[in-house]
Every structure is written in structure tokens, then in C-alpha cells.
Amino acid sequence: MNIFRIEITKEDPLRYISHLDYANLLQRAIRRAGLPAAYSEGFNPHMKVSFASALAVGVTADGEYADIELTKNICQPDFFDRLKNVLPDGMQLISAKQIGDGRHQSMNALADAAFYEIKLPDIADSSELQIAVDKFNTAPSIIFMREKLGKGAKKGHIVKKEINIKDFLLSELNCDNEENTITVTIKVSPLGSIKPAEMIRALQENYLPSLDSNSALINRKTLSANGKSLMEFCQTIS
Amino acid sequence: MIKLSPAVLQAVNKPARYTGGEVNAVHKDRSKIACSFALSMPDVYEVGMSNLGLKILYEILNKRDDIAAERVYTPWPDMEAKMRENNIPLYALESFTELAKFDFVGFSLQYELIYTNILNMLDLAGIPLLSEKRTNDMPFIIGGGPCVYNVEPIADFFDFFIIGEGEEIIIEVADAYIKWCSQTTTHDRKEFLQCAAAINGIYVPSFYREEYDENGLFKDLTPIYDNIPATINKRVVKDMDTIPSIEKPIVPYINIVHDRLMLELFRGCSRGCRFCQAGIAYRPVRERRKETLRLLAKKMIDSTGYDEMSLTSLSSADYSCLPALIDELGTDHADEKMSFSLPSLRIDSFSIDIARKLQTARKSGLTFAPEAGTQRLRDVINKGVTEADLLKACSAAFSHGWKTVKLYFMIGLPTETDEDIKGIASLAEKVVALYKEIKGRRDIKVTVSVSCFVPKPFTPFQWFGQNSKAEFERKQQLLKTHIKDRAIQFNYHDSSTSILEGIISRGDRRLSKVIYRAYKKGAKFDGWSEMFNFSIWQEAFADEGIDTAVYNLRTRDFNEKLPWEHTTPGVSKQFLLNEWKKALSQELTSDCRRSSCTGCGICQALDAGVIDWEEGK
Ligand code: SF4
């Protein structure tokens, strides 16, 4: 089996598209590149591409990861060039590696931590931010009310669920007062996680009412497994 | 240039509607451009981006180095609120330039219920709604598309209209403008409108004056200058093989309504259904050669990466080389897992064979449009389809495994009686019974969708009085009580949108004030049932003292001059009248495509002809 793992960006021009649309964009690029993609069987064949995560609308990433299965063996430089040349604005190919024989673990299950950098809009008094972040960090728990549109029987209703933001943080919030940014590492697990936007909302609701949380620009700097980049989990073929 | 803040974008649903930058979008250096167009379909992005006509014009205009064409759609109310709150004027998606800075803003007029969106967009752009209020530095507001066969209700808002197919004329307009800019000393808009009016197919409404008789009925519309034509014939592309078409369509970032490639096999349909305006508006039938289509398909697939392509036309199954085309497209793109589909099927077993070739049809079920419930009424409307045809097509479908059939009908057709309504139910029941007979099972689903008939200009039914709202509702209920089989699902819509369409589509200039008033009262996205508010419109008509029945319910006199006759698809009035008479006596008229001319007069009026590549022709 020929599988390539790629590291690509999701930059500003693509900030406001959903994960599904982002995946579609990559698949169409693979087709434009004329790469021999593998498809599932059946009436409605799907291209065999799997992602490490699902980035939310409004979030950019310096590195997003996808595994692409091909039907034919092609060499890495050829793959790299062909794909790179057809990617849309805001999607850059950083690296591509040919990986194992298909017995590799799915990236989805591997990834365990995401490191975010969040650029906040200007706040009149920058010491205010530091104070709020300190309070946030020292609080034993930060309760946030998550509201979601219901599915199935609850369709059309808003389902509320209380979550403790702190359960999902792997680091404290670090703030850079000069740049007006916050960095944080959030836990990723198949059992669920929080969105960085939810964390910012919680910060605003609890400690920083003057913050316009809608204006925060969220960027995922890295997604890692066991402290290592997902690209390093590929077993290379010589 | 407009810059949108994250606060605005994060606060609205689907921000990618407003941020552009898609694959194949064309970005030009505006300082090197001699003429700019903002092309719009006045609906939300996902609908507007699906419009074929605008895609064609976008590419044709952008092929020219000195012309830039950009896109703009109607902001959804959440975005509109944010724009108004933050004083963001309406802008185009490529360069984020304000609409007011374009030379032309072109609206595609797909149906009457989008008119209020046009006013809202002009207002958001800071452009005066009435053409007479626009100053020399403002764009020319132009309209084109299917509604041009009666633009009188929106005449006051537009500088000019393009009647008919836009591929050639849009370039003529741009060239005329570039030339005018280099010569004019006055920069007076009227001066350019004179140049535009000299182009064959352009209608400048402000150059005409309307008259009404003592009873308030429309009497005439005449040019106020000697050099302005009294009638404007539509433009047609004579050769579909040589005219440039879509090669690099924009690939949107978000899912749109028709999220697939569209390959236009041919233009026109000459089956001659008497209710159908498109059937007259796009005559004569002009096919593309199979080789041209294969080439276009390849270019589109290679440039977009789409995996779905729809073979579009008014009646794609009529394409002369369809089976061969489908086979060859399949072979050309065997490795790419392309799926091809037809937007509609003809009611015959040939169509089932075609649907079998296109495996995708299997997923969605089959759709047929018998349009009327009895043979008598189908003959009135010249729908050359019998019950036997439908059952034959269904039986072919059932034996090949289909078990979902959608049937489309209309109610409110001329001469219709309650028997015709009941006939819809019994036809659907026969389809269910046929399935049981063939398969010995009951797991069939038949959906009956019924729409309310809107008589349209330039059809044989243009004189006919539309059914009232009460009558439509009675007929819907009547049909409902006659549909008893649980395998049949009955769909119908509130008739008020069809009533409004009925009023506006055969309206005159006096309706401009009503549309303006309805807009002022908050009407927008009227084509979206969740946003449509009929009472706003009823108030607007009342405020303007308009008796709507005169427009939609009244049966018109054959000797009346009709308010739309001056912008014409080229059809002879006598032909329409004969067709009306034949309708009343249930006489059929044959398709002129592969038999002899039936005398609609369009080919002669436009010096064009039918092009059909059927073997041996
Ligand atoms: S003029 Fe004759 S051939 Fe041409 S479209 Fe009309 S009926 Fe058909």
C-alpha cells in the first residue's frame, strides 16, 4: 500500500472554512494534481484520505496532517511537487513522507496535544490581561457552559453541558503582553476535548469582561503525539 | 478596498460566503483595467455560485486583459446587520472593491422573488435605487437572464437590460464603454446609454414612455427618441461550438447548491410545452458537437478536481449523441472516479437506459414530470406523454431495481377540472400498483410534488387568468383527500409565492413602486419560504392602490397590447395565439427539432437555425 503522510497549513484565507470543506479542498487538489488516489469500493466511492484532527471554523494551523492512500507507487519528490503546485491559497505543503504498509496507527488516535497561539484584540489596559490570566491559572476549576445544537431526538433544541476547562489543559495560559497573545497546550483525546475558542470565552466570561472574544485569532502551532511531531511517527520506506 | 474584521466574520454564519479567494477566482490589477463588472445573482452565495450564466460571463469577460469581472452575492441577514452596523458597503469578492466603484453591476434575473434583494444590495452599496437618481460617477446597473421577457416591474431600477444570451453582447457593451470613455467630454450617463441602446439586444427603459387607457389598463410603450427601436429582439449565439465557454470554473470553499461541474450540452428546447417560457425563450435548439463537449469536460475536470459533472440542458435526454457521449466521457475519465448525472429525465425507457449508464441516478431515485393528471389536460399543455409512456418507463425502472419515483405536476392549468386533479392521484396509484405487480412487494415510494401554475409572458398561456389563492388551496386539499395509498407522499407549497410571481411576471411599470415599498417594509429573500411574508406585499399593493387581480386573475383580451411585447424572444404573436386555440381543442404540436418547422417565427426573426447532430442530419 502506498500511503503518504503530509503536513499542510491552514492559513488566513482558509480561516473561516469548516473541516469538511477543508478536506474537500485537499481532495480536489489531489485530483487536480493527477495523483493516483485510492478510492473506497461501492456506488459512492470516497477518496482514501484521513486527517489527524478536525480544525474548527475560525482556526488556522501551522501544521495539519493527512494520510493519502495511492494506488500506484510514486516517488516522494514527484508527489511533493505535483501536490504543491495545485494547492489553493492558504494551504501550503510543508512536508510529505511515504509511510509504512498500512499497519500504522491512525493519526486520529495518536495525537494527544495541541499547542495554540491566540492573538487577542487590543485591550485598553494591558495589565488587565495579565491579571485575568493569573486568576485563570490559579483557579482550581473553570466551569464553562457548552451550548450545542441538538441531534437526533433533540434536533432543533440547544443542548447545554457543563464542562471544566481545566480538565483539558496541559499547560497554564502564558501571555505575552507586548504581542497581546496567549499560548496554551490543550489535551487532545478521542474522548473529547475543548475548543480554544471555548477557553477564550471562559476567560472573558470569568475574568476579562472587556475582551471581544469574537475578535481573537486562534492558530494551532503544533499537533503532537508523545511530545513528537506526527511526521516523526511515520515509518519510512527506504 | 474593504477590510473585514474578525469580529464581523466570527459573528456570522458561514463566513466563507464573504471572503472570496477560491480556486480559479480571477484577481486582476485594477489599475490596469479599462472596464470593470461586478456580476451578481441576488441571492445567497451558495445559490448565486451555482448559476451557469454568470459563470460563463465571468470567464468570457476575464479572458480580456483590459476587463475585470468580479462576483457579488446577497449577504445573508446576519451579515447584512453586521455590515450596516459597521458601515461596511457592499463589495465584490475578488478585490474587495466597493460596488459603487465598478463601471457595471450586472444582476442575473432568475425569478421575480429576488427583486427585493436587488434593491437591498443597491442600498447596501450606497447606490441610489432609482436609475434617474444615479450620478455620472456611479456604475450602470444592468440586468439579464430569464426575467428579461418582462422587466417592466423593475424598469425604474435599471439603467439597461440585456435581452437574450449574453456571451457576445456583454463584450460589445464593454467595448462600447471603453470607446465612450476615451471619447467623451461630458461623462454624461445618458450619452453612454445612447451608445448602449445602439447595440442590438439592449433595452434602455428610461428611453421609453408608457401609456395607460381610461380604465387604467396598459395601452402602449413607445420610444421617446427617434433612433431608439420600438421592439428589441433577444440575442442568440448561433454556433455553440465556437463560442467560448466555461473552462476553469471557480471551486468554492464551501458546499454550494449545485456543487458539481455543469456541461451545457445544448441550448433550447422545442418540445413545445405550452406553459413553459424557457421553451420559447431559448429557441432555437442549438447543440454542441460531442467532440467540443469532451474537450470542455476535460478542461473543467482538470482545472477543478471536481468528481461530479451534470450534463445540463433544458431536456438533456434529447441530446442527439447522448449514449455515445456518456460512454466516451466515461472512458476519458475512467481513472478519476467521475460521476455524471442528468438534471432531468424524459418519460421513456430510453431515459431509463441512460440512467442505468449513469450509476449516480440510482442513489437519488428517478424524477419524472407528467405535469398533468389526465391525458386530456396533458394534450392541452402539449406535453407529449401518455400514461402508457409513464408506466413503461416506470416498469423499466422497477425491473432494474429502482424503488423511488418522484412525479411533478402543476395545478391551475387552463381548462383544468376536478377530474384532472383526481387524475394526479390515480396516476400515482397506478405507479404503485405497477411496482407491486412487477416486484410482488410494497417497498415503493412515490412522491407527488405539485406546484401552482404561473402563466408567463411569451407563452400560449400568457392571456390566461391565474387561479386564485382560494382555488389553489381548494385543489390542493381535493388532491390530498384523494391520495390514500401510504406509499405516496404528497408535497405542495403555500400558493402565495406563486400568486406573487403571477402578479409580477405579467406586471407593468407601475409595480416598481410596489416592489420598492415592499422592500422598504422589510421584504427580502422572498424566494426563501422561511423569510417570505405575503402580508408585507399585500400591504404594499394596497398602499400603492394596485388591484392585483388585474395583473394575475384577469383573462386578457387578445387585442390588448401587453406590457412586455417590446422585449421579445422573437416568437410571433400569431403562433402563440394559434397554440392557445390548439390547446383548447387538445391538438398537439410536434417538436421542430427533428421534424419540420412549426412556425414559431423565432429562427426567421433572429436569422438563426436549429442545430442538431443526430445521425444522418
Ligand atoms: S422557427 Fe420553426 S424551426 Fe425555428 S424554433 Fe420556431 S418552430 Fe422551431
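Labels below follow one simple rule: chain letters A, B, ... track the order of the sequence lines, proteins then strands, and each chain is numbered from 1. Not measured: the values here are computed from a predicted model.
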Got a second to check how far B/I254's CD1 is from A/L20's CG, nearest 0.5 Å?
12.0 Å

For B/H493, I'd like to know if atom NE2 has over 12 heavy atoms of other residues, nucleotides or ligands within 6.0 Å.
no

Taking everything shown except B/K63 itself, do over 12 heavy atoms lie less than 6.0 Å from its NZ?
yes

Heavy atoms of other groups near A/E178 CD, more than 12 under 6.0 Å:
no

Enter the distance from B/Y306:OH to A/Q27:CD here, rounded to the nearest 0.5 Å.
13.0 Å

If you take all heavy atoms of B/V23 and A/P88, which pair is closest and at what distance?
CG2-CB, 3.4 Å

Look at A/G58, A/S215, A/A216 and state which one has the largest set of heavy-atom pairs under 4.5 Å with chain B.
A/S215

In terms of heavy-atom proximity below 4.5 Å to chain A, should B/S5 be classed as side chain, backbone, both, or neither?
neither

I'd like to know if B/D259 pairs up with A/R28 as an ion pair, taking the criterion as any Lys NZ or Arg NE/NH1/NH2 lying under 4.0 Å from an Asp or Glu carboxylate oxygen.
yes

Which atoms form the tightest heavy-atom contact between A/R31 and B/M338, and what is the distance?
NH2-SD, 3.3 Å

Between A/L14 and chain B, which part of the residue has a heavy atom less than 4.5 Å away: side chain, backbone, both or neither?
side chain

So which part of A/A197 gets closer than 4.5 Å to some heavy atom of chain B, the side chain, the backbone, both or neither?
neither

Against chain B, label A/P45 side chain, backbone, both or neither, depending on which of its atoms sit under 4.5 Å from a heavy atom there.
side chain

Do you know which two heavy atoms are closest between B/P252 and A/L25, and how far apart they sit?
O-CD1, 4.3 Å

Over 12 non-hydrogen atoms of neighbours within 6.0 angstrom of NZ in A/K119
yes

Could you check which of B/E22, B/K14, B/E336 has the highest count of heavy-atom pairs closer than 4.5 Å to chain A?
B/E336

So how far is it from A/M47 CE to B/D307 CG, rounded to the nearest 0.5 Å?
7.5 Å

So do B/Q10 and A/Y16 actually touch side chain to side chain, heavy atoms under 4.5 Å?
yes

Above 12 or not: heavy atoms from other molecules or residues under 6.0 Å from NZ of B/K439?
yes

For a quick test of reading the model, state the closest non-hydrogen atom pair linking A/D21 to B/N255 and the distance between them.
OD1-N, 3.6 Å

Neighbour count above 12 (heavy atom, 6.0 Å) for A/K195 NZ:
no

How many angstroms lie between CE in A/M91 and OH in B/Y253, if you round to the nearest 0.5 Å?
8.5 Å

Per-residue tally against chain A (heavy atom, under 4.5 Å) across B/T304, B/T19, B/D335, B/V251 peaks at B/T304

Please classify the contact between A/D89 and chain B as side chain, backbone, both or neither, with a heavy-atom cut-off of under 4.5 Å.
both

Please classify the contact between B/N24 and chain A as side chain, backbone, both or neither, with a heavy-atom cut-off of under 4.5 Å.
neither

